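Computation of the quantities below employed the complete heavy-atom set of this structure, encompassing side-chain atoms and omitting hydrogens, waters and symmetry-equivalent molecules. Model, not experiment: these values are computed from the prediction. Count residues from 1 along the sequence.
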Amino acid sequence: MAIHAILDAENPWSFASANSTSQNVVLEFSIAYFLVDLLHYLLFFPNDVLFISHHLGTLYVFITCRYMVNHGALAILGLLVLAEATSPCQNIRTLANARKEDVPAASKFYEFSTAPGSL
């Protein structure tokens with residue numbers, strides 16, 4: 001969706017251009033996703049301050065871009081594309097962390113994917 005919204009804009013390569021309709025739709029979808037994901041973390045992982053802070057910061061940027069200045073979607077959606085490319089790695093690591101106590105393979109993967117000295 002984000003790639004399409006970037007390419008669909010009339011002047012997609014200007015950071016100063018106003019958001020297009022398709023860019024605003026992607027921002028709205030992303031805001032909804034981050035709100036639901038934030039709620040999930042607050043309910044099930046309330047001590048994960050890093051991810052909660054990340055979601056709050058991202059929501060601030062998305063909401064500001066969409067509803068307050070209505071400019072800047074090109075840069076934000078470009079970063080969103082890059083961030084989503086790494087999501088499978090983060091999701092697998094999160095699942096491995098959740099199951100590391102009862103699944104030996106999950107424990108091995110979590111140890112492998114964690115920086116030395118941070119366990």
Side-chain angles (χ1 to χ4, degrees):
M1 275 177 64
I3 293 171
H4 178 269
I6 290 169
L7 298 176
D8 186 47
E10 290 178 19
N11 189 9
W13 306 115
S14 172
F15 290 127
S17 62
N19 299 347
S20 69
T21 302
S22 60
Q23 289 171 343
N24 282 336
V25 168
V26 174
L27 287 171
E28 291 164 357
F29 181 86
S30 297
I31 289 167
Y33 168 82
F34 270 84
L35 284 171
V36 170
D37 209 34
L38 176 62
L39 179 62
H40 170 83
Y41 271 90
L42 289 172
L43 290 173
F44 297 106
F45 305 103
N47 296 327
D48 197 343
V49 178
L50 180 63
F51 261 75
I52 291 170
S53 300
H54 160 74
H55 279 64
L56 288 172
T58 302
L59 280 167
Y60 172 78
V61 171
F62 284 177
I63 290 169
T64 301
C65 177
R66 171 59 184 101
Y67 296 107
M68 300 175 111
V69 296
N70 203 31
H71 286 72
L74 173 64
I76 291 171
L77 295 181
L79 290 172
L80 181 64
V81 169
L82 294 174
E84 288 305 313
T86 64
S87 286
C89 299
Q90 179 59 42
N91 291 340
I92 291 169
R93 185 174 182 276
T94 300
L95 291 172
N97 184 28
R99 298 297 309 270
K100 68 184 177 189
E101 300 300 325
D102 57 326
V103 178
S107 179
K108 287 180 184 179
F109 180 80
Y110 183 74
E111 289 176 21
F112 171 77
S113 64
T114 302
S118 63
L119 284 175

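Hydrophobic clustering (side-chain heavy atoms under 4.5 Å, transitive across Ile, Leu, Val, Met, Phe, Trp, Tyr) groups L59 together with F29. Under the 4.5 Å side-chain heavy-atom criterion for grouping Ile, Leu, Val, Met, Phe, Trp and Tyr, Y67 is connected to I76 within one hydrophobic cluster. Both I63 and L39 are part of a single hydrophobic cluster, where members link through side-chain heavy atoms under 4.5 Å apart. Hydrophobic clustering (side-chain heavy atoms under 4.5 Å, transitive across Ile, Leu, Val, Met, Phe, Trp, Tyr) keeps Y110 apart from L95. V61 and L35 fall within the same hydrophobic cluster, where Ile, Leu, Val, Met, Phe, Trp and Tyr residues are linked whenever their side-chain heavy atoms come under 4.5 Å apart, directly or through other members.
Taking the ring pair (Phe, Tyr, Trp, His ring centres under 6.0 Å) definition, one finds that H40 meets it with F44, F45, sequence neighbours left out. A2 pairs by the side chain to side chain contact (heavy atoms under 4.5 Å, CB included) definition with V26, L77, L80, V81, not counting sequence neighbours. A search for side chain to side chain contact (heavy atoms under 4.5 Å, CB included) contacts involving L56 returns L38, I52, not counting sequence neighbours.
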| message | For a side-chain contact (heavy atoms from CB on, under 4.5 Å) check, start with the C-alpha distance between N19 and V69, then their side-chain angles and the critical distance, and finish with the verdict. | response | CA-CA 9 Å; N19 299 347; V69 296; over 6 Å; no
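Here the shortest heavy-atom pairing between G72 and C65 reads C-SG, 3.6 Å. Residue S107 comes nearest to K100 through the heavy atom pair CB-O, 3.3 Å, listed as atom of the first residue, atom of the second, then distance. A96 and A106 get closest at one heavy-atom pair: CB-O, 3.6 Å.
Here CG of L27 is found 9.5 Å from CE of M1. Values are rounded to the nearest 0.5 Å. Within the model, atoms CD of Q23 and OG of S30 stand 11.5 Å from one another, a figure rounded to the nearest 0.5 Å.
Evaluation of the side chain to side chain donor-acceptor pair (under 3.5 Å) test over residues 44-62, restricted to residues two or more places apart or in two chains, returns D37-H55. Listed by first and then second residue, the salt bridge (charged side-chain N to carboxylate O under 4.0 Å, His left out) pairs that reach into residues 71-92 come to none, sequence neighbours excluded. Residue pairs meeting the salt bridge (charged side-chain N to carboxylate O under 4.0 Å, His left out) criterion with at least one partner in residues 50-70, sequence neighbours excluded, are E28-R66.
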